[in-house]
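Structure first, commentary second.
One-based numbering, in listed order, for ligands and for the atoms of each.
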Amino acid sequence: AQGELTPTFYDQTCPNVTDIIRGILLNAAIIDPRITASLVRLHFHDCFVQGCDASILLDDPDTTEKTALPNNNSVRGFEVIDQMKTALENVCARTVSCADIVAIAAEESVVLAGGPSWEVPLGRLDSRSANRSLATTALPGFNETLDEIKHKFAAVGLDTSVDVVALSGAHTFGRAQCFTFEHRLYNFTGIGDQDPDLNETLAARLREICPSPTAGLSNLTNLDQTTPDAFDNVYFKNLQIEEGLLRTDQILFSTHGADTVEIVNDFSRSQTAFFEAFVESMIRMGNIRPPVDAVGEVRLDCRVVNANNSTASGTEDAHLVSST
Ligand code: HEM
Ligand SMILES: [Ca+2]
Ligand SMILES: [Ca+2]
């Protein structure tokens, strides 16, 4: 059995870990306000693929997850994670795992954007490998049905209703490229039509940003068209007026009889209810563990596995035991 993560994991070995990460994040967000959203997504795309083990950060060209379809030219924030790692190596060398840096960066990003804060359970180890094919299949896609998305959440041990809706609420900030939603604008069922569950006024605006099914496919627009950079519950209000940007957003509300509909209504009514559920779901997602027999380490460079056993390494249990 694996050991438990705990918010006090670095209390003795690196007590300022969160302050250091926050400092780098604040500077990065001045230049790039989108970085908060990107770092939350990075944690999600790490955790769904062999657990929260920083596998997504590895650069090895043969196995890297960065070029898997859901990540390629899309997932971002790697340079900022590198900066955080460098700063941490300077004050508490060989101590803080890259997977924990990503988890803390996600929480601090939510806070910086106006969302809730929480104590992040810590003590993850970094993987010795990445898995591109798993990244391709385990991560949900923008054209999947609600059932398919529920299956992918269930596959990593998450709940198929509250976790799906609460975590989708992360689309309250950040951007998406035209290729992820243009199918809703031009040829939804193959007869040159548009998605019936997409607000007409929004569709017209989106056709200006995404001029055709073949041009401008990497153009960006806001996932939350109303409060694009604020972490709030407006995302759920948008769904109620058919202003969800991605098909996978809108189906949470527009799928007749789905158990997600009332949850969307709850979160739309109460930002507090959303924030409380989001925190619980983020902790659950952050607790998706690597396979019990996986060997881990504290990477010195988040992009490459250590050359030898130069830091704490071993099973997850060993990491947790060695700290006490
Ligand atoms: C439920 C299934 C989900 C699907 C199908 C999905 C899909 C997508 C897509 C297609 C994009 C735009 C990517 C691009 O255009 O480059 C995106 C962006 C984003 N996603 Fe999701 N997502 C899902 C769930 C989540 C979850 C669980 C989180 C976090 C808890 C999340 C956080 C984000 C954020 C913050 C962005 C904006 C990133 C940025 O601006 O850099 N998503 N998502
Ligand atoms: Ca991973
Ligand atoms: Ca928002």
Side-chain angles (χ1 to χ4, degrees), residues 32-58 65 69-77 98-99 102-103 106-107 109-110 113-115 124-127 129-131 134-135 138-146 148-150 152-153 156 158 160 163-182 210 217-238 244-249 251-252 260 271 274 278 281-282 284-286 288-291 294 296:
D32 174 15
R34 182 186 174 192
I35 193 65
T36 49
S38 302
L39 291 171
V40 171
R41 186 171 189 232
L42 191 62
H43 185 44
F44 160 48
H45 281 210
D46 181 24
C47 294
F48 267 56
V49 181
Q50 67 185 27
C52 312
D53 60 357
S55 59
I56 195 171
L57 304 181
L58 291 173
E65 295 167 16
L69 205 60
N71 291 331
N72 199 29
N73 297 316
S74 176
V75 78
R76 57 200 295 281
C98 298
V102 174
E107 185 269 346
S109 290
V110 169
R124 298 170 187 80
L125 282 175
D126 301 325
S127 70
S129 60
N131 191 336
L134 186 59
L139 289 165
F142 55 79
N143 207 9
E144 287 179 353
T145 65
L146 187 53
E148 288 169 323
I149 287 169
K150 283 169 174 274
K152 290 190 174 179
F153 274 66
V156 294
L158 294 180
T160 58
D163 285 338
V164 169
V165 178
L167 292 173
S168 292
H171 290 172
T172 186
F173 65 170
R175 319 283 179 258
Q177 302 173 63
C178 288
F179 78 85
T180 65
F181 58 85
E182 68 77 22
C210 312
L217 292 180
S218 60
N219 294 353
L220 292 173
T221 192
N222 297 319
L223 280 161
D224 177 346
Q225 296 274 317
T226 315
T227 57
D229 293 321
F231 196 99
D232 54 21
N233 71 334
V234 173
Y235 166 84
F236 299 103
K237 299 179 195 280
N238 294 341
L245 184 70
L246 305 181
R247 175 73 190 161
T248 48
D249 294 320
I251 55 177
L252 301 175
T260 51
Q271 179 159 281
F274 167 47
F278 184 77
S281 292
M282 282 294 279
R284 262 198 294 278
M285 185 177 84
I288 305 172
R289 308 302 297 274

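- Here the straight-line distance linking atom CG of Asn143 with atom CZ of Arg247 works out to 8.5 Å at 0.5 Å rounding.
- For ligand 1, the atoms closer than 4.0 angstrom to any heavy atom of Ala176 are 12 (C), 15 (O).
- Near Gly141, meaning under 4.0 Å from any of its heavy atoms, are these atoms of ligand 1: 5 (C).
- Atom CG of Leu139 and atom CG of Leu134 lie 8.0 Å apart (nearest 0.5 Å).
- A salt bridge between Asp163 and Lys150 is absent, with no side-chain N of the basic residue lying under 4.0 Å from a carboxylate O of the acidic one.
- Contacts between His43 and ligand 1, counted as non-hydrogen atom pairs separated by less than 4.0 Å, are absent for every part of the residue.
- Nearest heavy atoms, Ala106 versus Met282: CB-CE, 4.2 Å.
- Only protein N, O or S atoms were considered, and those under 3.0 Å from the Ca ion (ligand 3) are Thr172 O, Thr172 OG1, Asp224 OD2, Thr227 O, Thr227 OG1, Ala230 O, Asp232 OD1.
- The two residues Ile149 and Glu144 have their closest heavy-atom pair at CG1-OE1, 4.0 Å.
- In the displayed structure, Leu69 atom CG is contacted under 6.0 Å by at most 12 heavy atoms of other residues, nucleotides or ligands.
- To the nearest 0.5 Å, atom CZ of residue Arg41 and atom CG of residue Asp46 are 13.0 Å apart.
- Regarding atom 10 (C) of ligand 1, its nearest protein heavy-atom neighbour is Thr180 CG2, 3.6 Å.
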Apply salt bridge (charged side-chain N to carboxylate O under 4.0 Å, His left out) to the pair Asp32 and Arg76, showing each step before the final yes or no.
CA-CA 12 Å; Asp32 174 15; Arg76 57 200 295 281; 3.0 Å; yes

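- Residue-and-atom listing of protein N/O/S atoms under 2.8 Å from atom 21 (Fe) of ligand 1, sorted by chain and number: His171 NE2.
- Looking at Leu167 against ligand 1, both its backbone and its side chain come within 4.0 Å, counting heavy atoms.
- Partners of Tyr235 under the ring pair (Phe, Tyr, Trp, His ring centres under 6.0 Å) rule, at least two apart in sequence or in another chain, do not exist in this structure.
- Geometrically, ligand 1 and Gln177 share a nitrogen or oxygen pair separated by less than 3.5 Å.
- Listed here is the closest heavy atom pair of Ser55 and Glu65: OG-OE2, 2.9 Å.
- Scanning all heavy atoms of the two residues, the minimum distance from Arg124 to Cys52 falls at CD-O, 3.4 Å.
- Considering only non-hydrogen protein atoms, atom 41 (O) of ligand 1 sits nearest to Ser38 OG, 2.6 Å.
- With a cut-off of 3.0 Å, the protein N/O/S atoms near the Ca ion (ligand 2) add up to 6.
- Contact atoms of ligand 1 toward Arg175: 12 (C), 37 (C), 39 (C), 40 (O) (distance under 4.0 Å to a heavy atom of the residue).
- Put simply, the side chain of Asp126 gets close to the backbone of Ala99: a donor and an acceptor are under 3.5 Å apart.
- Considering Val49, Val102, Asn71 in turn, Asn71 is the only one that fulfils the side-chain contact (heavy atoms from CB on, under 4.5 Å) rule with Ile56.
- Of the N and O atoms on the side chains of Asn238 and Thr226, at least one donor lies less than 3.5 Å from an acceptor on the other residue.
- Residue contacts with ligand 1, taken as heavy atom pairs separated by less than 4.0 Å, involve Arg34 solely via side-chain atoms from C-beta onward.
- Protein heavy atom in closest approach to atom 35 (C) of ligand 1: Ala37 O, 3.1 Å.
- Ring orientation note: the planes of Phe274 and Phe236 are nearly perpendicular, at an angle over 60° on the 30°/60° scale.
- Interface of Thr248 with ligand 1, defined as ligand atoms under 4.0 Å from a residue heavy atom, comprises 5 (C).
- Taking OG1 from Thr180 and CG from Leu245, the interatomic distance works out to 6.0 Å, rounded to the nearest 0.5 Å.
- In terms of heavy-atom proximity, Ala166 sits nearest to Phe278 at O-CD1, 3.3 Å.
- Using modelled atom types, no side-chain atom of Gln50 and backbone atom of Ala294 make a donor-acceptor pair closer than 3.5 Å.
- Listed by number with element, the atoms of ligand 1 under 4.0 angstrom from any heavy atom of Ser74 are 13 (C), 14 (C), 16 (O).
- In plain terms, the two heavy atoms of Leu58 and Ser129 that are nearest each other are CD1-C, 3.6 Å.
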